[in-house]
Each structure stands twice: as C-alpha cells, then as structure tokens.
Amino acid sequence: MEFSIKAGAPEKLKTDCIAVGVFASVKLSASARALDTACKSRISGILKQGDFDAKPGSTLMLYDLSGIASKRVLLIGLGTEGAATAKELRDAVRGGMRAIQDANLNEVALYLADIPVKDRNEQWIIMQAAMVALETAYRFDRLKSKSRDERKKLKRVMFGLMRESKSANSALERGIAIGEGVNFARELGNLPPNICTPSYLAEQARALGRTHKLKVTVLERVNMMKLGMGSLLSVSDGSRQPPKLITMEYHGGPKKQKPVVLVGKGVTFDTGGISLKPGAEMDEMKYDMSGAGSVLGTMSAVAAMKLPLNVVGVIPATENMPDGNATRPGDVVTSMSGQTIEILNTDAEGRLILCDALTYSERFDPAAVIDIATLTGACVIALGHVASGLFANDNELAEEVSAAGVMAWDRVWRMPVWDDYQEQLKSNFADMANIGGRPAGSVTAACFLARFTKKFKWVHLDIAGTAWKSGREKGSTGRPVPLLTQFLMTRAGW
Ligand code: BES
Ligand code: MN
Ligand code: ZN
C-alpha cells in the first residue's frame with residue numbers, strides 16, 4: 001500500500017473515490033462542504049432526506065455527482081454531535097476503509113484531516129487513519145495454498161488536505177511506522193507455534209537489527225546458566241526448543257540518556273507444563289508470545305520513525321512443555337536475583353521467565369522498565385477484552401502510560417500492587433511461591449514481579465485479554481504497540 005499527501009480542492013481531484021466525513025445533523029466537514037457546493041447541495045440534500053443516519057462506522061457510496069471529478073464519493077458517518085470523539089473517529093475510518101476495500105478500488109483519497117475531533121488535532125487524525133488503513137488491509141494468508149480473498153488489494157491511499165500543512169507528512173510517516181509495527185506484532189502472534197519458536201523470534205529480531213541498525217544480542221542456554229537464570233531456564237527444561245534471551249538496543253537519543261526498557265513475555269507455546277492446561281482452546285496459547293511480539297513491533301515502529309530516544313527491548317523466549325525433563329510442581333529454583341522460588345504450578349511460567357529478564361534489565365540502567373505479558377487468565381476476568389491491566393511501583397510513570405493509552409486509544413486500567421497481597425505468595429520451602437491462589441490472581445502475579453523490580457521505575461501490563469481475539473474473528477490485535485509507541489513518542493517530546 002502506497003501513501004501520499006495531496007493538498008487541494010477535493011472536487012477537482014481525479015481519483016476512484018473521495019471519502020469525506022459527515023454528521024447526521026447535516027453538519028459537514030470542510031471538505032464535505034466543498035464537495036456539496038460543487039455538486040449543488042446533492043450531499044446535504046441526501047442527509048436532509050434522512051437516507052443516511054451517519055452513525056460512526058456507517059458509509060454511503062455516491063456515484064457520478066456532477067461538478068465532482070472523482071467517480072465516487074464515500075460519505076463516512078461521524079455521529080450526531082458535530083464533533084467526533086477519538087473512538088468515533090477511529091470507528092468511522094475503519095468503516096470507511098472496509099467499504100473501500102469491499103468496493104474493489106485501486107485508490108482512494110481520504111479527506112479526513114478537517115474533521116473536528118474532541119481533544120485531538122489534524123496530525124492525530126492522519127496518524128490514526130494511516131494506522132487504521134494498514135490494520136484493515138492486513139490478512140494472514142501466507143499459510144493458505146490459495147488466497148481465499150478474491151478482493152483486489154487497495155494500492156494507493158492519498159490523504160487530502162484543503163490546504164498545505166507541514167506537519168502532515170511527519171504525521172503520515174509516524175502513522176505508517178506504527179501501523180506496520182502493529183501488523184508485524186500481529187503476524188508474529190498469528191504464526192503457528194511450530195513456526196514461531198524462540199529461535200524464530202531471535203531471527204526476527206536479528207532481521208530487524210539489520211534493517212534498522214539496532215544492536216541485537218541473543219543469549220543461549222549456556223549464557224543464561226552462567227548468569228544464574230535458574231527461574232527462566234526451569235521453564236524451558238521440558239521443551240526441545242532451545243530458549244533465547246533476545247535484546248535489541250535502539251540508540252536514537254543522546255549517548256548518556258538512560259533508556260526505556262521494554263520486556264516482553266515470549267512463551268511461544270504454553271501447554272501449562274506438568275500442570276497441563278485443559279484441551280479446549282489450547283491452540284490460543286500460541287499467542288502467549290504476544291508481549292514479545294509487541295516489543296518487536298514497537299522497536300520496529302520507533303526505529304522506522306527515527307524517534308530521538310534510547311529504547312531497549314528484552315525478550316525472554318521459551319516454550320512451556322511437559323516432558324521427562326520438565327520442572328515438577330514442588331521444585332525449588334534460584335532466580336538471577338538470588339531469590340528462591342517454589343514452583344507450585346508450572347502453568348504460572350510467565351512470571352518465572354520475566355523475573356530473570358527484569359533482573360537482567362538492571363544492566364541497562366533504565367529510566368523506566370515496562371513489561372508486557374499475557375500473564376493471567378484472571379486479568380481477562382477482571383477487565384475483559386477492553387482494557388489491559390496496569391500495575392506500577394511509581395505513580396508518575398503509571399499516569400504517563402495510562403495517558404498514552406488514552407491518546408492512542410489502546411487503553412489500560414490500573415490495579416493495585418499493595419503489600420497486603422504479598423502474603424499470598426508465602427512458601428514454606430523457599431523465599432516465595434510462584435502462585436498466590438485464586439483471589440486477585442492478576443494482582444498476585446504482579447506482586448511476584450514487584451519483588452524483582454525494586455531498583456527501577458516499573459510498569460507491568462497484563463495483556464491477556466487484549467492481545468488477541470477468539471472465536472470467528474480469531475487473530476492477534478497487535479495491542480499494545482500503539483500505546484507503547486505513543487508513550488515513547490511523548491517521552492521524546494513529540
Ligand atoms: N499464559 C497464561 C495466561 C493466560 C491464560 C492468558 C488464558 C490468556 C488466556 C499464563 O501462563 C497462565 O497459565 N497463567 C495461569 C496462572 C495460574 C496458574 C496462577 C492462569 O492464569 O491460569
Ligand atoms: Mn501458563
Ligand atoms: Zn503463559
């Protein structure tokens with residue numbers, strides 16, 4: 001898909017389709033008004049007749065309007081208010097992109113930047129529209145012997161502007177970078193676990209490093225043994241796939257600037273280990289590397305947009321499998337921090353690999369550490385598929401990440417990491433147990449991690465409910481790449 005920016009009068013642009021935003025109350029965006037004037041009020045006439053309810057996401061295709069050079073005009077509904085909310089704008093653009101793709105068009109000009117959106121500017125609209133365009137065009141079809149989708153692929157997307165704007169170009173570049181980062185994360189998530197192994201993730205990181213000149217290092221089992229990562233390694237013991245600890249360093253900021261470190265859970269398949277999961281929907285545990293995918297996607301976005309900030313990605317990658325060498329419930333292991341852990345349930349493996357990766361992150365002298373993990377089913381029960389769970393040991397950082405989530409519309413909801421919950425992790429045989437029982441399962445998981453993050457400002461994002469969709473629409477969402485990228489952009493002063 002090719003993107004460009006076109007400044008000029010919409011009625012004069014010769015293209016397959018021009019898309020503009022309209023409100024039900026016959027309030028038109030500036031470009032819709034220009035088209036309406038050119039075609040002698042046909043558009044406002046249709047709205048007055050009540051033929052189009054203009055709900056966000058709904059569309060109406062019009063053909064051969066006199067006075068307009070484009071063959072088609074697509075009206076995109078924006079609701080009734082006269083100003084769209086961030087969510088309405090996104091729904092509207094998604095609906096518009098779907099209609100355009102269903103119509104089998106080659107190219108489209110989106111005149112969306114002039115839509116009034118509450119608390120957002122023109123750059124935000126262009127960024128979101130580019131992201132949504134890339135996200136709706138994404139298909140996972142590389143493993144189908146014949147592409148089932150007969151539709152033509154949309155080739156060119158132009159962003160129409162009523163007048164020249166200097167910042168539109170950089171907004172577009174950023175939107176493309178994020179959209180491609182999101183799709184990269186989705187592709188990794190959707191790949192089957194026999195392809196997307198820890199080694200495959202390491203290879204992807206290396207490839208990213210070659211494209212964007214990142215420093216990439218991959219630690220093997222022997223290196224991890226030397227570092228004393230007994231907790232991480234205990235998860236890989238039952239697997240034939242070798243574990244990898246992947247780090248990617250992006251230096252966009254001044255040399256002395258402390259980096260933001262992103263740590264992503266990379267369990268490429270989670271059977272539960274000896275504490276085996278039930279069979280139903282176990283295939284979805286291929287998505288248990290979505291935290292890792294979001295780190296790779298974010299690193300790719302940040303590098304592509306040349307963000308002036310230092311960012312490090314750390315990915316502990318492993319499978320969680322049962323075999324004769326697998327860790328048993330009751331085993332006690334020693335983490336890199338020196339703290340000992342009684343493994344009472346081998347299915348609580350995410351925290352076991354993250355704790356060593358978090359300790360390892362200390363060496364980067366981080367300004368802040370954010371870990372991203374499909375950590376607990378309990379988080380899905382608490383927050384469903386709308387918000388990711390946020391846990392933090394620093395209020396300011398928690399606010400910063402939450403605000404980025406609202407801005408990017410990739411929202412989180414904060415949960416407590418109070419000491420009162422730590423009691424649930426008591427063990428008779430080691431410094432701590434790896435599970436805290438049924439009550440507040442996502443909180444005790446965060447409390448476990450908190451024991452390894454005392455030396456830096458830290459946020460933990462539990463994305464168990466938001467990283468993928470189940471059912472007929474089964475597929476990775478690429479969340480929280482938009483949130484993470486927005487957070488880093490704001491940090492960089494963008
Ligand atoms: N990867 C799972 C969490 C998960 C489960 C995410 C279902 C999304 C959907 C994690 O490794 C896990 O198995 N967690 C256990 C922890 C429990 C044993 C304390 C869980 O949530 O059941
Ligand atoms: Mn598990
Ligand atoms: Zn897991």
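Quick note: numbers below take in every heavy atom, side chains included, and nothing from hydrogens, waters or symmetry partners. Residue numbers count from 1 along this sequence.
Counting heavy atoms from C-beta outward, Ile178 and Met489 have side chains that approach closer than 4.5 Å. For the pair Gln339 and Met432, the minimum side-chain heavy-atom distance is below 4.5 Å. Looking at Lys244 and Glu220, their side chains come closer than 4.5 Å, going by heavy atoms from C-beta outward. In this structure, the side chains of Leu134 and Val182 stay at 4.5 Å or more apart for every pair of heavy atoms. Residues Trp409 and Arg411 form a side-chain contact, since some pair of their non-hydrogen atoms from C-beta on lies under 4.5 Å apart. Counting heavy atoms from C-beta on, the side chains of Gln204 and Glu187 never come closer than 4.5 Å. Residues Tyr250 and His212 fail the side-chain proximity criterion, which asks for heavy atoms closer than 4.5 Å. In this structure, the side chains of Ile370 and Leu461 come closer than 4.5 Å at one or more pairs of heavy atoms.
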Donor-acceptor contacts under 3.5 Å from residues 416-423 side chains, at least two apart:
unit_1 : atom_1 : unit_2 : atom_2 : d
Gln422 : OE1    : Arg451 : NE     : 2.8
Gln422 : OE1    : Arg451 : NH2    : 3.1
Gln422 : NE2    : Cys447 : O      : 3.0

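Closest of all the heavy-atom pairs between Ile246 and Ala317 is CD1-CB, 4.4 Å. The nearest pair of heavy atoms linking Leu201 to Cys196 is CD2-SG, 3.8 Å.
Between atom CD1 of residue Ile372 and atom CZ of residue Arg479 there is a gap of 13.5 Å, rounded to the nearest 0.5 Å. Atom-to-atom distance recorded for Thr485:OG1 and Met131:CE is 7.5 Å, nearest 0.5 angstrom.
Side-chain polar atoms of Thr490 and Gln486 form a donor-acceptor pair below 3.5 angstrom.
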Quiz item: Would Asn190 and Ser476 count as a side chain to side chain donor-acceptor pair (under 3.5 Å) if you check the C-alpha gap in whole Å, the side-chain angles of each, and the deciding distance to 0.1 Å?
Solution: CA-CA 6 Å; Asn190 289 332; Ser476 170; 4.9 Å; no

Self-check item: side-chain contact (heavy atoms from CB on, under 4.5 Å) between Met282 and Phe269, intermediate numbers included
Solution: CA-CA 9 Å; Met282 205 207 270; Phe269 196 73; 3.8 Å; yes

Quiz prompt | Test log, rule side chain to side chain donor-acceptor pair (under 3.5 Å), inputs Asp431 and Thr340 | solution = CA-CA 5 Å; Asp431 295 340; Thr340 57; 3.3 Å; yes

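A salt bridge links Glu400 to Arg491: one of the charged nitrogens lies within less than 4.0 Å of a carboxylate oxygen.
Thr334 places no side-chain N or O within donor-acceptor distance of the main-chain N or O of Gly230, the cut-off being under 3.5 Å.
Judged as a salt bridge (Lys or Arg N to Asp or Glu O under 4.0 Å), and not counting sequence neighbours, Arg438 has no contacts.
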